[in-house]
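Structure, as structure tokens:
Quick note: residue numbers are just sequence positions, from 1.
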Amino acid sequence: MLAGRDGTDAGTRSLRRTTRLAFLAQEDDFSSGQTVREVLLAALAEEPIEEHERETRVAITLTQVGFSDADQSADVLSGGWRKRLALARELVRRPDLLLLDEPTNHLDLPGIVWLERLLRAAPFAYLVATHDRAFLRAVADEVIEINRAYPGGSFRVAGSYDDFVARREEFLDAQARQQLSVANQVRRETEWLGRKAAAARASPASALTRPAAAATSWRN
């Protein structure tokens, strides 16, 4: 939805007119038969730039992500190098905001370390959706967990992933204490209501066994 590929059930998605948004999907998709260079040139096809600038951007970006052969076919790349090519396709457009969906999928450890360094040095903002906690520790300055257990459906903490874990534990502990307090209050009130109801049921029977009050008459 943030990338604009799916609609929303409610609310609106708005993007500043001049903002360049890029999206690295989980699965990498390239046209059959394209070379590495052609993949990036196709990404710039709609850009209002001169041909020489287009070629320069492609060359710089391919070097940045580690490709030495721009004419190799994208079809024969391994999973890790396909991920790098998919990222290069987004980087060549010089985004202001890059959305990454599980970017460490298919990357080996050196590839993940390379991606961490690239993001840390990036001149753009990025939003990462991932289950890779080690990766979050390396790249995140703010963490949002989406879970229906939280009021509003999410829990957000400014700071590292470790800061997030500590704050989340504090929140969950406080929530558990509150729930226990409410449960104890409900139990006490239920017991009090039970005693009150029992006393009310016993009252009429007690009245039947009570001695009648003595009657007094007065005569003038």
Does R37 reach the main-chain N or O of A70 with its side chain, forming a donor-acceptor pair under 3.5 Å? no
Verdict with reasoning, D141 to R120, per salt bridge (charged side-chain N to carboxylate O under 4.0 Å, His left out): CA-CA 10 Å; D141 294 321; R120 275 305 186 187; 3.2 Å; yes
Taking T35 for the side chain and E38 for the main chain, is one N or O donor matched with an acceptor at less than 3.5 Å? yes
Here the gap from N105 atom CG to D132 atom CG, rounded to the nearest 0.5 Å, amounts to 9.0 Å
Starting from I112, can I reach V65 by hopping between I/L/V/M/F/W/Y residues whose side chains sit under 4.5 Å apart? yes
Heavy-atom count around E169 CD within 6.0 Å, excluding the residue itself: above 12? yes
Out of curiosity, R167 CZ to D162 CG, how far, rounded to the nearest 0.5 Å? 14.0 Å
Given 3.5 Å as the limit, does a donor-acceptor pair link the side chain of R13 with the main chain of M1, or not? yes
If you look at every heavy atom in R84 and G111, which pair is closest and at what distance? NH2-CA, 3.8 Å
Heavy atoms only: give me the nearest L136-Y161 pair and the separation to one decimal. CD1-CD1, 3.9 Å
Less than 4.0 Å between a side-chain N and a carboxylate O, is that true for R94 and E47? no
Would you check if the side chain of R54 reaches a backbone N or O of L44 as a donor-acceptor pair within less than 3.5 Å? yes
Please confirm whether the backbone N or O of S160 pairs with a side-chain atom of R137, one donor and one acceptor, at under 3.5 Å? no
4.5 Å side-chain heavy-atom contact, V157 and E145: no
Separation between CD of Q34 and CG of L85, rounded to the nearest 0.5 Å: 8.5 Å
Sorted by first residue and then second, give each ring pair (Phe, Tyr, Trp, His ring centres under 6.0 Å) pair with at least one member in residues 103-151; sequence neighbours left out. Y150-F155, Y150-F171
Please check if L100 and F164 belong to a single hydrophobic cluster, counting links between Ile, Leu, Val, Met, Phe, Trp and Tyr side chain heavy atoms closer than 4.5 Å. no
Taking L77 as the starting point, is it possible to reach L41 by hopping between hydrophobic residues whose side chains are less than 4.5 Å apart? yes
Could you report the tightest heavy-atom contact between L24 and L98, atom names first, then the distance? N-CD1, 4.4 Å
A22 to E90 - nearest heavy-atom pair and separation: CB-OE1, 3.4 Å
For the student: nearest non-hydrogen atoms of L91 and L118, plus distance: CD1-CD1, 4.0 Å
Once side-chain hydrogen bond (donor to acceptor under 3.5 Å, both in side chains) is applied, do any residues pair with E50, and if so which ones, sequence neighbours excluded? none
With the side chain counted from C-beta on, respond yes when P103 and L87 share a heavy-atom pair under 4.5 Å apart, and no when they do not. no
Distance, nearest 0.5 Å, that separates CG of D96 from OG1 of T19: 5.5 Å
Give, for atom CD of E55 and atom CG of L40, the distance between the pair rounded to the nearest 0.5 Å. 10.5 Å
hydrophobic_cluster_shared for L107 and F67, side chain cutoff 4.5 Å: yes
Interatomic distance, CZ@R133 vs OG1@T130, rounded to 0.5 Å, equals 9.0 Å
Heavy atoms from other residues, nucleotides or ligands near CZ of R148 exceed 12 (cutoff 6.0 Å): no
Closest contact, heavy atoms only, A43 versus V92: CB-CG1, 4.1 Å
Would you tabulate the side-chain donor-acceptor contacts of residues 25-33 under 3.5 Å, counting partners in other chains and residues two or more places apart, or write 'none'?
unit_1, atom_1, unit_2, atom_2, d
Q26, NE2, D101, OD1, 3.4

Flag the pair L99 / L21 as yes when at least one side-chain heavy-atom distance between them is below 4.5 Å, and no otherwise. yes
Non-hydrogen side-chain atoms of I60 and R57 separated by less than 4.5 Å: no
